[in-house]
Amino acid sequence: MLFLAVENGRASAMMARLNTPERFEIELAIPRFILWFVMLPVVPVTIFGLAHLLGGEVMTGLILLVGLNGAFYLGHASLSERTVLTLDKPSGLVTVRRDSRFRARSDTYPLDALDSAELERTHTSAEERATSKVMLVFRNTRPATRIALSGWGVSGDGPGRIANEINDWLGRHVFSQDDQ
């Protein structure tokens with residue numbers, strides 16, 4: 001998944017909402033302006049569909065209006081999923097909240113069982129580039145449970161920076177010696 005947020009005029013891979021010793025919150029999402037580019041083809045498809053309907057070609061017009069526009073909408077809805085990861089030290093919980101056009105889901109896990117964030121890398125056969133996605137690793141099960149923060153991976157350093165940011169917070173505020 002492409003994770004971008006514009007911060008200070010620069011594209012960034014994530015948006016840290018809150019980073020305090022008590023709470024870490026990060027939001028992963030595709031920026032709205034990119035989602036609008038996905039919906040750009042709707043205008044000509046709608047015009048062509050209406051032209052076919054007015055010209056008497058009902059089936060072609062309906063296929064364009066309902067079929068293609070519906071496909072663009074479903075693509076937009078699937079890309080518009082936002083994931084918010086919250087590490088809350090006082091409550092001792094990790095919350096992964098996913099919001100999309102069709103549903104909202106929230107899962108909670110114990111913070112003391114969260115071991116780290118790591119990357120799951122996959123290599124495509126067509127290209128020599130690797131894609132990565134961030135996985136949360138919980139050590140309270142054997143084998144360790146891995147929870148993906150996104151449904152798909154991206155190339156570049158964005159997922160690595162997200163994993164490093166999570167691991168840094170865990171190291172400073174959860175696993176540090178001065179808290180014990």
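- The nearest pair of heavy atoms linking N140 to P110 is ND2-CG, 4.0 Å.
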Which donor-acceptor pairs under 3.5 Å do side chains of residues 45-63 form with protein atoms, sequence neighbours excluded?
residue: T46; atom: OG1; partner: V42; partner atom: O; Å: 2.7
residue: T46; atom: OG1; partner: N69; partner atom: ND2; Å: 3.0
residue: H52; atom: ND1; partner: E57; partner atom: OE1; Å: 2.9

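- The shortest heavy-atom contact between L114 and R139 is O-NH1, 3.7 Å.
- Considering every non-hydrogen atom in both P21 and K89, the closest pair reads O-CD, 3.6 Å.
- With rounding to the nearest 0.5 angstrom, the CG atom of N164 is 12.5 Å from the CD atom of E118.
- Residues L87 and V84 do not share a hydrophobic cluster, clusters being chains of Ile/Leu/Val/Met/Phe/Trp/Tyr side chains in contact below 4.5 Å.
- Atoms CG and CZ, from L74 and R101 in turn, are 12.0 Å apart once rounded to the nearest 0.5 Å.
- Here the closest heavy-atom approach between residue T20 and residue W169 is recorded as O-NE1, 2.8 Å.
- Identified under the ring pair (Phe, Tyr, Trp, His ring centres under 6.0 Å) test for residues 87-107, with sequence neighbours left out: none.
- Side-chain contact between F138 and I147: present, with at least one pair of heavy atoms (C-beta onward) separated by less than 4.5 Å.
- For the pair R121 and S132, the minimum side-chain heavy-atom distance is below 4.5 Å.
- Screening L28, V134, T95, L136 for a side chain to side chain contact (heavy atoms under 4.5 Å, CB included) involving L85 leaves a single residue, L136.
- Hydrophobic clustering of Ile, Leu, Val, Met, Phe, Trp and Tyr side chains at less than 4.5 Å, counting indirect connections, keeps V94 apart from M135.
- No option in R97, R98, R82 other than R82 meets the salt bridge (charged side-chain N to carboxylate O under 4.0 Å, His left out) test with E27.
- Minimum interatomic distance between S116 and L170 (heavy atoms only, all atoms of both residues): CA-CD1, 4.1 Å.
- Taking each heavy atom of F24 and E165 in turn, the nearest pair found is CZ-CG, 3.6 Å.
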